[in-house]
Structures are given as structure tokens and as C-alpha cells.
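Both backbone and side-chain heavy atoms feed into the values below; hydrogens, waters and symmetry mates do not. So you know, we letter chains A, B, ... as the sequences are listed, proteins then strands, and number each from 1.
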Protein chains: 2
Amino acid sequence: MSTSRSTRPSAVQGARARARQEITVAIKDEARRQLADDGAAKLSLRAVARELGMVSSALYRYFPSRDDLLTALIIDAYDSLGEAAERADADRTATAPPPSPVERWVTVCEAVRAWALAHPHEYALIYGSPVPGYTAPTTTVPAAARVGLLLIGIVRDAHGTRGLALTPLPDALRAEAGRIAADIASDLPLEVVAALVAAWAQLFGLVGFEVFGQFNRVVEDRAAFFAYAATGLAHTVGLLPAPPAK
Amino acid sequence: MSTSRSTRPSAVQGARARARQEITVAIKDEARRQLADDGAAKLSLRAVARELGMVSSALYRYFPSRDDLLTALIIDAYDSLGEAAERADADRTATAPPPSPVERWVTVCEAVRAWALAHPHEYALIYGSPVPGYTAPTTTVPAAARVGLLLIGIVRDAHGTRGLALTPLPDALRAEAGRIAADIASDLPLEVVAALVAAWAQLFGLVGFEVFGQFNRVVEDRAAFFAYAATGLAHTVGLLPAPPAK
DNA sequence: CAAAAAAGAGAGCAGCGCTCTTGCTATGGA
DNA sequence: TCCATAGCAAGAGCGCTGCTCTCTTTTTTG
């Protein structure tokens, strides 16, 4: 017992490392709570420490600065959103009548919207104004890409993009779209790749307008409007409308 | 001379009121300068006062709180953006070959984008995360609506929306669209009204993604991509593509 | 000309992010 | 088993912030 414990700190990780992890999580949880209450601007290291019964300077052993704490929350938020979207798609895909590509697309869009409305301040953190100077640390990239990759996957699975009326791609963008396609979806037509990137940004325009109150005296039935707009986005990326034949 | 001056403070407005206005403007200008440098989070009343050679408490005679200063900057930003968009449209409309509706639409979209890229922190103020608690003062509404109204005007002027393939409007949204249309564009088909609201939000999704760096390792030639996406938006609101016949 | 309104100056309060120093304790090799 | 060491909490403190209060000066007004 003693031999395996002393030389391998990876498996069980002495009580100290374990405590460190637990405290790190507790700090983030408390910070997230305060974030939900008052927004990122009011998030205070001292208040978090106070609530956790520790002194403010002790907190710097876990996060070297306030912005680092925020960065950690940003990464968690991206992951939380990505997971919510992926789970919504998985749940929907598992139901009895397999969903059409448009239905899958709208399901994912609605999951993004629901997550944003449930966590408005965390949404603001990741899709609102960048908080510190301008530094978007590269570590957030994979987490940030999850929703985009999920939408691409849906379109690729559909592969039934049989020449719907897509906006023709200007020559200036063919190279651009080709480069993007090489990265993420080399099997899709360039028109679809470009439309996907645009739809990706436009989706967050819709969500952001609702979360940030821009629809306040304009749109009342926002759920219905969002479903309509998300369906429109699905069409712009080449997913076919439901067959009118019944 | 004396009679007209004493009883009518409206015309010339004693030297005091004039000074007050000038100082108010100077405060906002300096605040805007600091905003452009360091962003809204770092904007400090004390620093503004210091730069203006006054003591911090004196500044509270002009703006009762930091958030009130920010609110003033927000209104100015909305107006600045609205004016930039309107001027771009007016300039384009005045050129020799009168522009097509799509060209006008894209011109306005590009003006919005250009303004946002030139004033990223001010853009973040109005279309990023709301700054204070959540209060969007009603005073900002008219200024905020200018770009939207401009886009509506272009579509109305076109009135050539002869049944392009618009996403059909679900029944649940007919009442909604009818209400919006009654407010702003009672002469447009409901499908176009709904598509306009969606396109309005989606436009700012595109702009926001670029300004906030979400396109960073994704889209390189962002001007070309934006023009492409804005053209797509024009189509979704029923503006006809340029006739392929040459 | 005197009363009143408006503006500036200064001190001060509580809170913030962050640093540095000082003790304490659990950990891992001798 | 013992002990040097590394990790951690605590406290004091610096300079900054938003904001309030009081006091004095300046300008407008009846």
C-alpha cells in the first residue's frame, strides 16, 4: 500500500491536491452564483472569499487574478452551453420518429436559446462584450467551437442539400470558403460552408437580441419568433423545408 | 436688449447654462476617449475628472452616477451609429446610377459594420452585454431604432417583393407580425415584416462576431464575407437579387 | 443690492484588486 | 521515524474606485 501511494500521485492524489481541486471548484461555484446575481462587472474576489470564509489573499493561490477567474468561468460556460446543445440533439435524435435535418437544426438552436435565457450573465460573458483588455485566450477555442461543430455535423449528416436556392458565392470568397471547408467540412459544397458560417453568427444575433433585451418592445411571443427564425436559418444552409405533401 | 434677455432664458441662455452644456460635452468627450482606450469596465469618473482638471466630486453635478454617464454615452453611440448608417444610405442614393434595393441594403449593413469596427468599445456598449443591473432606460429607444427603421424604409421603398421564396409564416406568428407591422410598416406583407425583424437581429450577430473576435481563426477576408452575408440577408427580406441577365 | 441657486473644493467612507510578509501544516525523501 | 520543504491561510497595507457630505465661492435673479 505504501509503495503504490508514495510514487504515484496521479491516481488518488494526496489529500492536499484533492482539497485544492475541491476548493477551486467551490470558488468557481460561488463566483458563478455571484455572477448570476449581479453580473460580471460586480463580481468581486473579496466577496467570493468572504462568502467562502477565507481571506481574500488566500484566493490568489487558486486564481492569480480576477480576470483569470473570469477566464475559467468563460471556459466552463462554453462547455456548459456546448453540452446542453449536444444533449438536446442526442435526445431528439433518439426519439421514435427520427427527426428531419431541419428539426435537428431547430432543436439545437432552441437549446442554445434556452441555455442563454437560463444563464444570461454567463451568456453575456461568452457572447457579449469581451471583459478584460481584449485577450481571448486560446484555451477557450475548443470549448467555443462545440456548438458550431454540432451544427456542421447536422448539415453534413443531412447531405441532402440538393441544390436549394443558396446565395451564390462570389469569387472573392471561394478561396476563403475552401480554406474553412478544409478545416472543418471538406465534404460540403463551398456555398453551404459559407452559409453555415453566416448562419452560425446570425443564430447568436437572434439569441443575443433576446437575452440583452433588444426585442423588448418589439417581439412579444419570442419563442415562436425564434422557432420561425431558426427554421429560416436552416433553409439558408441548404436544409430542405418539410415536404408540404401530407 | 435687457428686456428680452431677462425673461427669455431659451434663446441665448445665460453664460452659466452655456458653460454647463460645454462642460457636459467635455466630460462625455473625455469619457469617450477613455472608453476607446480601455473599455467600459475601466472607465473611471475620477480619471475623467482628473484629466479635465476638476475634482471628482464636481463631476457629480453633471452626472449623478457613473452609470448615468454610461447611459449618456450609450444614447450618443446609438445616434452616432444611426447617423452613420443614414448618411451612407443618403450618399449612395445620391450617386449617378440609382442603386438597387439590394445595393442600398448592403450599403447600410456595411456602414453599420464600418462604424462598429471603428468604435468597437462603443459598439460593445450598445450591442454587447448590458452594463449596469439590467435597466435599459426608455430614453434610448428612439435612438436605438434608427438603423432598424432605415432598413425597413429600404424594403418599403423597394416594394418589389413580388413573391420571392420567403419562409412561410406560421400561424402563431401572424398576430405577432401584424402587431409589429401596425407599429412600423403597415403596408408590408407580414412575411416580410417577420423576416425583417429576424434579419435585423442577424445583422448584428454578424457584426458582433467580427467585432468581438469570434471570427478570429475562422474568417480571414471579413469584408468580403460580410458583403456576401449581408446580400443573403437582403434576399431573406424579399429584396430581389440582381438580375443575372447582362 | 441682497437673497437664492448653482458650482467647485476638499475630506472622508467603504469597497476594490493586488502584493508582501509571517506563521503554520501536511508531504515526501533520508 | 524525523525533518527540510513546499503549499497554504492570514493579516497588513498600497493605491485606486464610486459616492456623500460639508464648506466656500461664484453667478443669477427678484
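Backbone-only contact: B:Tyr62 has heavy atoms under 4.0 Å from sugar-phosphate atoms and none from a base. A:Ile23 comes within 4.0 angstrom of the backbone, heavy atoms only, and of no base.
Between the CG atom of A:Leu45 and the C1' atom of D:dC16 there is a distance of 15 Å, rounded to whole Å. As rounded to whole Å, 7 Å separates atom P of D:dT17 from atom CZ of B:Arg46. Whole-Å rounding puts the A:Lys42 NZ to C:dG17 P distance at 13 Å. Across the protein-nucleic acid pair, A:Leu43 atom CG and C:dG17 atom P stand 8 Å apart, rounded to whole Å. Taking atom OH on B:Tyr60 and atom P on C:dA9, their separation rounds to 15 Å, with Å as the unit. Regarding B:Gln21, its CD atom lies at a distance of 16 Å from the C1' atom of C:dA6, rounded to whole Å. Distance, B:Asp67 CG to D:dG18 P: 10 Å, rounded to whole Å. Rounded to whole Å, the distance from CZ on A:Phe63 to P on D:dG7 is 18 Å.
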Review point. Should B:Ser65 and B:Asp68 be marked as a side chain to side chain donor-acceptor pair (under 3.5 Å) after you check the CA-CA gap, both sets of side-chain angles, and the distance that decides it?
Key: CA-CA 5 Å; B:Ser65 82; B:Asp68 288 273; 2.6 Å; yes

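In this pair, A:Phe215 and A:Phe209 present their aromatic rings perpendicular. The plane angle is above 60°, beyond the 30 to 60° band. In this structure, B:Phe204 and B:Tyr123 have parallel ring planes: the angle between them is below the 30° cut-off, well short of the 60° mark.
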Please enumerate all protein N or O atoms sitting under 3.5 Å from an N or O of nucleotides 22-25 of chain C, with distances to 0.1 Å.
none

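Between A:Arg217 and B:Asp183 the shortest side-chain heavy-atom distance does not fall below 4.5 Å. Counting heavy atoms from C-beta outward, B:Leu233 and B:Leu206 have side chains that approach closer than 4.5 Å.
Taking every heavy atom of residues 48-59 of chain B and every atom of DNA chain D, pairs under 4.0 Å involve B:Arg50, B:Ser56, B:Ser57, by number.
The only option from B:Leu125, B:Leu69, B:Asp79 that meets the side-chain contact (heavy atoms from CB on, under 4.5 Å) definition with B:Ile74 turns out to be B:Leu125.
Look at A:Asp29 and A:Arg32 and you find a salt bridge, because one of the NZ, NE, NH1 or NH2 atoms lies within 4.0 Å of a carboxylate O, short of that distance. Classification of A:Arg113 and A:Glu110 as a salt-bridged pair fails, no side-chain N sitting under 4.0 Å from a carboxylate O.
Atom CG of B:Leu52 and atom OH of B:Tyr62 lie 10.0 Å apart (nearest 0.5 Å).
Of the candidates C:dG17, D:dT17, D:dC19, C:dG17 carries the atom nearest the A:Ser44 side chain, counting heavy atoms from C-beta on.
At a cut-off of 3.5 angstrom, counting only N and O atoms as typed in the model, there is no donor on one side facing an acceptor on the other between the side-chain of A:Arg20 and the base of D:dG7.
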